[in-house]
Amino acid sequence: MVGTGGGRSNTKADMMPEEEEEDGTMVFKLRTSAYSPVRAVVALALWLGAIHLNLLLLLASVFFFSRRDAALVVGTQLFLIFAPVNDTSRLGCNIARFVYKHALGYFPITLHVEDYAAFDPNKAYVFGYEPHCAMPLGLWVLAAHVGFMPITKMKILASSAAFYVPFQRHIWTWLGLTPASKENFYSYLGAGYSCAVVPGGLREMLHMDHEQDSEVACIRSRKGFIRIAVQTGCSLVPVFCFGQGHVYNWWRPGNKILVSMIRAIKAPPIIFWGKFGSPIPFRSPMHVYVGRPIEVKKINHPTTHEINEVHEKFIMALQEMFNRHKNKAGYPNLQLKVI
């Protein structure tokens with residue numbers, strides 16, 4: 001069921017355009033006066049620390065807590081997995097504004113919009129974001145609470161497994177995320193929400209390398225988001241983030257059977273960590289580029305040829321945008337591998 005939340009918040013005041021580049025690209029970044037190191041760490045812990053918190057609580061329940069206290073902790077965790085979440089609650093909106101206001105300036109994340117005027121606030125768009133990396137942190141700059149451009153209704157579709165994690169389920173819902181199911185995708189677009197997805201998903205983690213001379217977009221066979229855009233008539237928007245691969249260290253198991261088992265439960269097939277082994281990422285600037293919308297003709301029952309045609313347009317637009325901006329982003333030698 002689609003709620004009525006997701007409108008813009010006053011975080012917009014902290015994301016004002018700093019400049020307009022020669023090619024007309026609008027540049028947004030968090031005001032430096034809004035950055036506080038302590039508040040940034042608290043915001044990042046709320047945003048990214050739920051898994052670590054749950055592991056600590058489980059370990060404490062096994063080794064330190066009494067049986068009664070352990071049962072209380074586990075019971076609370078189970079309750080939070082299934083308890084209803086109101087994405088328009090005042091508490092949730094306040095937490096979302098706090099997280100976005102203080103976490104985005106930590107890296108910092110800069111938003112570049114190629115054609116700001118091309119976006120109609122009364123239309124829904126499908127944003128295809130690449131790459132995934134250890135975690136697609138740059139994607140969150142598109143959230144409605146940030147006040148992205150004139151779009152007032154936005155949902156970020158994330159792995160459904162993330163919404164079975166106590167605490168994280170509530171925080172991420174308040175931040176404007178929803179499980180990446182076909183039903184949610186159609187439902188939100190139909191209700192006028194724009195949706196942001198990472199087409200390559202967790203599979204891209206299997207192709208990451210430590211050389212960092214290339215980024216991988218596993219989108220050659222990912223056409224589900226294209227089909228939904230065509231069936232709903234929503235324009236496609238390519239999005240690419242430079243610098244995201246530097247915010248976490250990571251390790252990938254070499255055992256293929258183990259990796260297959262991990263992927264079967266839709267969990268990340270790598271282990272990643274930030275400062276001091278914590279979920280707090282390293283400070284590394286990220287530049288998120290939003291391309292021009294690709295107009296899509298609505299077809300209720302598209303053929304394979306029609307899907308492939310739009311798919312190729314999206315891939316070409318993503319590659320061309322990547323090549324246009326990699327020098328300005330500070331990665332002149334970076335290559336994009338589309339597989």
Return the orientation label for the His246 and Tyr331 ring planes: parallel under 30°, perpendicular over 60°, tilted otherwise.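 Parallel, since the angle between the ring planes stays under 30°.
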State, yes or no, whether a side-chain contact exists between [X] and [Y] at a heavy-atom distance under 4.5 Å.
X      : Y      : result
Asp120 : Tyr125 : yes
Trp140 : Val99  : no
Leu104 : Val141 : yes
Tyr164 : Arg169 : no
Glu130 : Glu204 : yes
Leu80  : His170 : yes
Met154 : Tyr193 : no
Arg324 : Glu114 : yes

Nearest 0.5 Å, please: how far is [atom2] in [Y] from [atom1] in [X]?
X      : Y      : atom1 : atom2 : result
Ile226 : Leu236 : CD1   : CG    : 4.5 Å
Thr304 : His311 : OG1   : NE2   : 13.0 Å
Ile81  : Phe167 : CD1   : CZ    : 10.0 Å
Ile151 : Lys153 : CD1   : NZ    : 12.0 Å
Leu139 : Leu177 : CG    : CG    : 7.5 Å
Phe119 : Ser194 : CZ    : OG    : 8.5 Å

Sub-6.0 Å ring centroid separation between [X] and [Y]:
X      : Y      : answer
Phe98  : His102 : yes
Trp251 : Trp273 : no
Phe225 : Tyr129 : no
Phe322 : Phe240 : yes
Trp174 : Trp47  : no
Tyr248 : Phe282 : no

If you look at every heavy atom in [X] and [Y], which pair is closest and at what distance?
X      : Y      : value
Leu48  : Pro279 : O-CB, 3.5 Å
Ile51  : Gln168 : CG1-OE1, 4.0 Å
Gly138 : Ile109 : CA-CD1, 4.3 Å
Ala143 : Tyr100 : CB-OH, 3.2 Å
Ala317 : Pro238 : CB-CG, 4.0 Å
Pro281 : Phe107 : CB-CE2, 3.7 Å

Test of understanding: clusters of I, L, V, M, F, W, Y form through side-chain heavy atoms closer than 4.5 Å, transitively. Do [X] and [Y] belong to the same one?
X      : Y      : answer
Val290 : Leu318 : no
Met135 : Val247 : yes
Leu142 : Leu157 : no
Leu175 : Leu111 : yes
Phe127 : Ile315 : no

Is there a donor-acceptor pair under 3.5 Å between the side chain of [X] and the backbone N or O of [Y]?
X      : Y      : answer
Ser278 : Gly274 : no
Lys326 : Leu334 : yes
Gln244 : Leu137 : yes
Arg203 : Cys218 : no

Show your reasoning for whether salt bridge (charged side-chain N to carboxylate O under 4.0 Å, His left out) applies to Arg252 and Asp209. CA-CA 10 Å; Arg252 183 171 54 237; Asp209 63 61; over 6 Å; no
What I want to check is whether the side chains of [X] and [Y] have a donor and an acceptor closer together than 3.5 Å.
X      : Y      : value
Asn308 : Lys223 : yes
His301 : Gln231 : no
His112 : His325 : no
Gln77  : Asn54  : yes
Ser66  : Asp69  : yes

Evaluate whether atom [atom1] of [X] has more than 12 neighbouring non-hydrogen atoms of other residues, nucleotides or ligands under 6.0 angstrom away.
X      : atom1 : answer
Arg292 : CZ    : yes
Tyr186 : OH    : yes
Lys182 : NZ    : no
Leu59  : CG    : yes

Could you please spell out the steps behind the salt bridge (charged side-chain N to carboxylate O under 4.0 Å, His left out) verdict for Glu312 and Arg220? CA-CA 9 Å; Glu312 283 302 317; Arg220 284 288 179 193; 3.5 Å; yes
Ionic contact status for Lys298 with Glu306, cut-off 4.0 Å: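 No, this pair does not count.
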Run the side chain to side chain contact (heavy atoms under 4.5 Å, CB included) check on Glu215 and Cys133 step by step: do they pass? CA-CA 8 Å; Glu215 293 286 5; Cys133 299; 3.9 Å; yes
Intermediate values then yes/no, salt bridge (charged side-chain N to carboxylate O under 4.0 Å, His left out), Lys155 and Asp87: CA-CA 11 Å; Lys155 286 293 180 180; Asp87 62 353; 3.2 Å; yes
When you look at Glu21 and Lys328, which way does the salt bridge (charged side-chain N to carboxylate O under 4.0 Å, His left out) test go after all the steps? CA-CA 11 Å; Glu21 298 179 346; Lys328 288 186 292 184; 3.1 Å; yes
